[in-house]
2 protein chains.
Amino acid sequence: MENPTKPTPEAGPASPDKPSDTPGQRGATRAQVEQAIRTSLLTGRFIPGKAVTLRGLASELGVSPMPVREVIQRLAAEHALVIKPNGRVQVPEMSSERFDEILKARLLLEPEVAAMALPHLSASDAAELLDIDLEIDRCLESGDAVGYMQLNHQFHFRMYQKSGSQILLPLVESLWLQFGPYMRMVYGRVGTANLVDWHKQSLKAIETRDATALRQAIASDISDGMGMLGRDCLPTL
Amino acid sequence: MENPTKPTPEAGPASPDKPSDTPGQRGATRAQVEQAIRTSLLTGRFIPGKAVTLRGLASELGVSPMPVREVIQRLAAEHALVIKPNGRVQVPEMSSERFDEILKARLLLEPEVAAMALPHLSASDAAELLDIDLEIDRCLESGDAVGYMQLNHQFHFRMYQKSGSQILLPLVESLWLQFGPYMRMVYGRVGTANLVDWHKQSLKAIETRDATALRQAIASDISDGMGMLGRDCLPTL
DNA sequence: TCGCACTAAATGTGATCACAACATATTGGA
DNA sequence: TCCAATATGTTGTGATCACATTTAGTGCGA
């Protein structure tokens, strides 16, 4: 056989050089890759229109192209990435229609999810949300766009997760993944200031157990935040 | 080079023995596999809880496990399949909570999508929908559950597609994929009769360009159809 | 007869390879 | 100088392999 193609399989799902890291968890590499790309998307490390290559991501993450392929298919199914007719993968570009639709979908789903979460939101949950919001205020003052985006995502999803929803929540996550890259791009341009703080209104509604007020606050937060985004840049893109 | 390992790759995305079939379309095999599994899901060929194996599907479809892997990841991202902690893949089982949530999500999204489609629904579209509905009536009489499911899917999505929605429509498709297998199982048990024909009401609303009436008809159709399903069998599962 | 250890088959995962399609760079000619 | 044709590198795709893990199956012993 002469060992024609030194396969050096280095086999095994987990990195062989770190036996104590992940002891053979099924799909551990794939999960790590997915988490990496998702946060890259949500924090705007990927710019809309940016080309995403299998081998590029793979070498960047230090894994083989194999798990990256599966993750890309997975994210493409959620429309967080697009596979062009020639097979090339890229971060989807925003359009006026897409933007309006995402806004509409968020307004349909998120207030409802928040209302579903309300009965399960304890006082300690509210306190945690307040902490996040205070940190958001700091990011707004210092103009930290990435920090704002991460914390804003945390604020909403810490709340939404309490709904225990297995159906609606993934739909909402898909929406966030879709406008994340665009959001980052625009925030970098127009800044993150002068946002009315509907988060505070949400917290007040949580304290008073007022589902209608919570729905309204979330809806306003969405309309306000995205309304500020959609007004200027989209037609010029 | 001596060609050390004649792998007989039969390389190429398309079958080499059928050069006129798909002339090298990128991802043609994957698309074919995905379509096959999707329709299997929507028409209930896959029973909830059924185990789905890579090699099984691959040999069944006459392809390598490779494209099947990607499609499974894709469908798992839409929650049309679930990947259990040990990696095994199976059709998701229905639960009372899941069912209620899917119902809620459908009621939130589908009336809105229908209303979005209304301005683009021409008279010929209405006629086409009527044809489908008449065929549905025939299936209901003859008790053809599979035919009913396919045509019901057609009725709704022919309408929804006219909305031109790129965001909401995929969300709705994901929902249908999730309750498809369960729907089939229950229809086989309780039959498809005694459904109030809200499709006719929808058609009337389309003729009169009444968005509110269309929303209401769609919502009633959803509530009625799924209400009949959810009442009996779920607790006994 | 039942329970448990052991063996064997099956399954998902990660890696690598060969190839066709595509994009880009390079070169040749007018 | 400019454009077309070619050559080169890159990218996604499908296939196959090796391996860890898990499941099913079997036989042995109490």
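Predicted model, so just to flag it, every value in this text is computed and none were measured.
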Rounding to an integer number of Å, can you tell me how far [X] [atom1] sits from [N] [atom2]?
X       : N      : atom1 : atom2 : answer
B:Gln32 : D:dT13 : CD    : C1'   : 14 Å
A:Arg26 : C:dT13 : CZ    : P     : 6 Å
A:Met66 : D:dA15 : CE    : P     : 12 Å
A:Leu54 : C:dA21 : CG    : C1'   : 15 Å
A:Ile72 : D:dT11 : CD1   : C1'   : 11 Å
B:Glu34 : D:dG14 : CD    : P     : 12 Å
B:Arg88 : C:dT11 : CZ    : C1'   : 5 Å
B:Arg55 : D:dT16 : CZ    : C1'   : 11 Å

* Asked: Quick one: CD1 on A:Ile218 to CG on A:Leu109, what's the gap to the nearest 0.5 Å?
  ->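 With rounding to 0.5 Å, CD1 (A:Ile218) is 13.0 Å from CG (A:Leu109).
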Quiz item: Does A:Lys50 pair with A:Glu93 as a salt bridge, N-O distance under 4.0 Å?
Solution: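 No salt bridge links A:Lys50 with A:Glu93.
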Does A:Glu78 come within less than 4.0 Å of A:Arg38, counting only side-chain N to carboxylate O?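 The answer is yes: the pair qualifies as a salt bridge.
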If you compare every side-chain N and O of [X] against the phosphate oxygens of [N] (OP1, OP2), does one of them come in below 4.0 Å?
X       : N      : value
B:Ser64 : D:dG14 : no
B:Asn86 : C:dG12 : no
A:Arg30 : C:dT13 : yes

* Asked: From D:dT13, D:dT10, C:dT13, pick the nucleotide closest to the side chain of A:Arg69?
  ->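 Side chain of A:Arg69 sits closest to D:dT13.
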Practice item. Describe the nucleic acid contact of B:Val68 in one word from base, sugar-phosphate, nothing, applying a heavy-atom distance below 4.0 Å. Key: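 Touches nothing.
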ask   = Which part of the nucleic acid, if any, lies within reach of B:Val33 when heavy atoms closer than 4.0 Å are counted: base, sugar-phosphate only, or nothing?
value =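 Counting heavy atoms under 4.0 Å across all strands, no contact is made by B:Val33.
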message: On DNA chain C, compare the nucleotides closest to A:Val63 and B:Val52; which residue's is nearer the 5' end?
response: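 Of the two residues, B:Val52 wins.
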- Can you name the side chain to side chain donor-acceptor pair (under 3.5 Å) partners of B:Ser163, sequence neighbours left out?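 Testing B:Ser163 for side chain to side chain donor-acceptor pair (under 3.5 Å), a comparison that skips the adjacent residues, returns none.
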query: Among all residues two or more places apart in sequence or in another chain, which pass the side chain to side chain donor-acceptor pair (under 3.5 Å) test with B:Arg69?
result: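 Here the qualifying residues are A:Glu70.
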